[in-house]
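A quick write-up on the structure given underneath.
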Amino acid sequence: MSTTKPNLYDVLAERGLVSQVTDEKIRERLGKPVTLYIGFDPTADSLHIGSMVPIMVLAHAQRCGHRPIAVMGGGTALVGDPSGKTESRQMLTPEVIDHNAHCFAQQMSPILKFANPKTPQANGPTDALMVNNAHWLTKLGWIGLLRDFGPHFSVNRMLTMDSVKNRLDAESGLTFLEFNYMVMQAIDFVHLYKSQNCTVQMGGQDQWGNIVMGIELGRRVAGADLAGLTMPLITKSDGKKFGKSESGNIWLSAERTPVFDFYQYWRNTPDADVKRFLGFFTFLPMNEVNGLGALEGQELNEAKKVLAYEVTRLVHGHAEADKARDSAGKAFSGEQDVTGEAIPHAELPKQELTVGVGVIQLLVMAGLAKSNGEAKRLVISGGVRLHDKPVKDIGFKATPESVRNGYVLIRAGKKRLFRFDVK
RNA sequence: GGGCGGAUGCCAGAGCGGCCAAAUGGGGUGGGCUGUAAACCCACUGGCGAAAGCCUACGCAGGUUCGAAUCCUGCUCCGCCCA
């Protein structure tokens, strides 16, 4: 490969994306093209921004001349994810998993270039692969599994894994099924080594144990020289969970998280996280990242705009990102222009207004409140405005007089708003 | 298989016959201060209802009681200990 391409390790390291490595010489390994993988759990039909880091890492790998594989944990999803005792242990069907994997591929494809299975001859050496571990895991028989892999797993060793130790101490305990997750993941690595010559596995910090198991298994059963690298857990300086907001997870799917909300999530990044996030979630060169991150005080808002725009562009494309940026910019700047396309909106028939529509109802219709009660509390606490006029009375009704420029704007708090276009 | 302990709201965790829609903390939302930031301060935080009130909720199913998250019985699940 061309020597002009940067070393993946350097790229990840300077962006703060390296937590641990299994091999001191990982940098040398990555000096020439390798095949590497990261696992994803296809338990929902959309990825959320927690998965952005792994996707970015795969994309960096691709840019550095390596071949990335995204492994769908279809096999593990088939037996259900037993972590979290209150979670319903839904066992996903193969059809659902396939559907989810398909959705993931679509969401990843703007960031990661995938090989086209239909035109193998046209695919490049760094085109990404997506595979489903159900394809090989479901073929394993119990006896065969024990015979081929059983002797190579030391339970003593497994018991020393943090993930296991924590669960043994925890009230929830650890089931045999969960105990076997790491076995499955180890087998994945070996399978990918044998079938794709994949020699490096990456993953979140929490995957460390699983990665190490895979490396050891590879050495024992195939004499393979495998390596792993983990990425740090993404935290927010304010201690809040990354990727969560008032309305739950921030998803990559525009259906689950409107582009406007997506943009706003990043736009509202705490100061202390802006620089790190620019490194994690954008491809901006580090000198630019450092420059933006060095801004202080109010100036840092410019960096947040760049962050929000860049991430939105990566995930949703130029056109949508432009709309979100322009709409948000106008709505929250002095202009207070809320006519932007990306502003959440819906149509409201004129005749409903002639009868009068209560604020409570409007808030619920707009999705700004989940129930009438919540809407009422919102009004009572002084958080609701119709256009720019505070609404203090829960009995207030919007009428044709409430329409301005063809719409009725309702705001909940400073940042949430919804526009009813009156038809 | 046996013994003991446990299961409470988004999460953690009090309550152990009426004062319980259930303490407290976290989270979330709204307000204040700001820069669409953080920190900090205040308020709110099951549903329906204008309200009075009604309904649903303390693992599940029954029972005792005027009255049960609280007592009894059975079941399910979890933890600890013993074999």
Side-chain angles (χ1 to χ4, degrees), chain A residues 80 82-89 166-178 235-250 260-278 292-309 312 324-338 340 342-344 356 358-361 363-364 366-385 388 390-397 410-418:
Chain A
S83 56
K85 55 178 175 169
T86 53
E87 295 291 316
S88 58
R89 306 186 171 191
N166 293 341
R167 296 301 297 273
L168 288 177
D169 296 339
E171 188 187 337
S172 52
L174 180 72
T175 66
F176 185 63
L177 175 68
E178 288 169 285
T235 54
K236 297 223 307 186
S237 59
D238 53 12
K240 288 179 186 154
K241 274 172 248 150
F242 171 74
K244 299 270 190 184
S245 82
E246 57 278 2
S247 39
N249 276 325
I250 304 297
F260 182 78
D261 294 348
F262 186 86
Y263 178 90
Q264 284 293 290
Y265 179 80
W266 296 103
R267 177 64 249 270
N268 286 306
T269 300
D271 284 11
D273 298 324
V274 174
K275 186 172 163 186
R276 264 187 328 135
F277 284 7
L278 280 167
L292 286 164
L295 295 174
E296 282 181 26
Q298 195 172 157
E299 302 247 293
L300 198 55
N301 275 319
E302 293 311 311
K304 294 186 191 183
K305 287 180 194 167
V306 173
L307 172 67
Y309 180 76
T312 308
R325 178 190 55 193
D326 296 345
S327 297
K330 285 181 188 161
F332 294 107
S333 69
E335 308 175 47
Q336 296 287 313
D337 174 355
V338 294
I343 302 285
V359 242
I360 303 304
Q361 200 188 339
L363 284 165
V364 173
L368 296 173
K370 288 194 211 63
S371 66
N372 294 356
E374 192 178 311
K376 271 176 223 164
R377 278 177 235 125
L378 204 54
V379 173
I380 291 165
S381 62
V384 176
R385 281 170 296 159
D388 276 317
V391 178
K392 290 282 195 181
D393 172 18
I394 57 175
F396 181 86
K397 279 182 191 269
I410 188 153
R411 289 174 182 266
K414 293 194 188 75
K415 293 178 193 167
R416 300 187 301 147
L417 71 180
F418 195 93

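Naming: A, B, ... by sequence-line order, numbering from 1 per chain.
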[atom1] spacing across the pair [N] / [M], given as an integer number of angstrom:
| N | M | atom1 | result |
| --- | --- | --- | --- |
| G15(B) | U70(B) | C1' | 8 Å |
| G74(B) | C16(B) | P | 25 Å |
| U65(B) | A50(B) | C1' | 37 Å |
| G27(B) | G59(B) | P | 26 Å |
| A57(B) | A69(B) | P | 10 Å |
| G63(B) | G47(B) | P | 31 Å |
| U45(B) | G6(B) | C1' | 28 Å |
| A22(B) | U56(B) | C1' | 14 Å |

Is [X] near enough to [N] that one of its side-chain N or O atoms lies under 4.0 angstrom from OP1 or OP2?
| X | N | answer |
| --- | --- | --- |
| Lys414(A) | C33(B) | no |
| Ser371(A) | G47(B) | yes |
| Arg385(A) | G31(B) | no |
| Arg416(A) | G30(B) | yes |

Sugar-phosphate only, base, or nothing, as touched by [X] at under 4.0 Å among non-hydrogen atoms:
| X | answer |
| --- | --- |
| Gln264(A) | base |
| Arg267(A) | base |
| Gly395(A) | nothing |
| Lys376(A) | base |
| Ala369(A) | nothing |

Under a 3.5 Å limit for both distances, which nucleotide forms a Watson-Crick or G-U wobble pair with [N], could you say?
| N | result |
| --- | --- |
| G1(B) | C82(B) |
| A7(B) | U76(B) |
| C16(B) | none |
| C40(B) | G32(B) |
| A57(B) | none |

Between [Y] and [X], is there a side-chain heavy-atom distance shorter than 4.5 Å?
| X | Y | result |
| --- | --- | --- |
| Ile360(A) | Lys376(A) | yes |
| Phe332(A) | Gln264(A) | yes |
| Asn268(A) | Lys415(A) | yes |
| Ile343(A) | Lys330(A) | no |

Could you give the [atom1]-to-[atom2] distance, from [X] to [N], as a whole number of Å?
| X | N | atom1 | atom2 | answer |
| --- | --- | --- | --- | --- |
| Arg411(A) | U36(B) | CZ | C1' | 11 Å |
| Leu378(A) | A43(B) | CG | P | 18 Å |
| Gln361(A) | G49(B) | CD | P | 10 Å |
| Glu299(A) | U36(B) | CD | C1' | 16 Å |
| Tyr265(A) | G28(B) | OH | C1' | 14 Å |
| Ile380(A) | C44(B) | CD1 | P | 11 Å |
| Glu374(A) | G46(B) | CD | C1' | 11 Å |
| Glu302(A) | U36(B) | CD | P | 11 Å |

Using a 3.5 Å distance criterion without hydrogens, assess whether the side chain of Lys304(A) forms a donor-acceptor pair with backbone atoms of Thr269(A).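 Side chain of Lys304(A) to backbone of Thr269(A): a pair is present.
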Ala412(A) or Thr269(A): which one's nearest nucleotide on RNA chain B is closer to the 5' end?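 The residue closer to the strand's 5' end, by nearest nucleotide, is Ala412(A).
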Comparing Gly373(A) and Asn268(A) on RNA chain B - which has the more 5′ nearest nucleotide: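 The residue closer to the strand's 5' end, by nearest nucleotide, is Asn268(A).
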Any N or O donor-acceptor pair linking the side chain of Asn372(A) to the base of G47(B) at under 3.5 Å?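 Under the 3.5 Å cut-off, the side chain and the base do not form any donor-acceptor pair.
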Once the angle between the rings of Trp266(A) and Phe277(A) is folded into 0 to 90°, is it parallel (under 30°), tilted (30 to 60°) or perpendicular (over 60°)?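 If you compare the ring of Trp266(A) with that of Phe277(A), the planes turn out perpendicular.
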Could you give the distance from CG (Asn301(A)) to CG (Leu295(A)), rounded to the nearest 0.5 Å?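 Rounded to the nearest 0.5 Å, the CG-CG separation comes to 10.0 Å.
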To the closest 0.5 Å, what do you measure between CZ (Arg276(A)) and CG (Leu307(A))?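 It is 11.5 Å, given to the nearest 0.5 Å.
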Select one nucleotide: of A50(B), U36(B), G35(B), the one nearest the side-chain heavy atoms of Phe332(A).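 Side chain of Phe332(A) sits closest to U36(B).
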The side chain of Lys415(A) is closest to which nucleotide in this list: G30(B), G47(B), A37(B)?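 Out of G30(B), G47(B), A37(B), the nucleotide with an atom closest to Lys415(A)'s side chain is A37(B).
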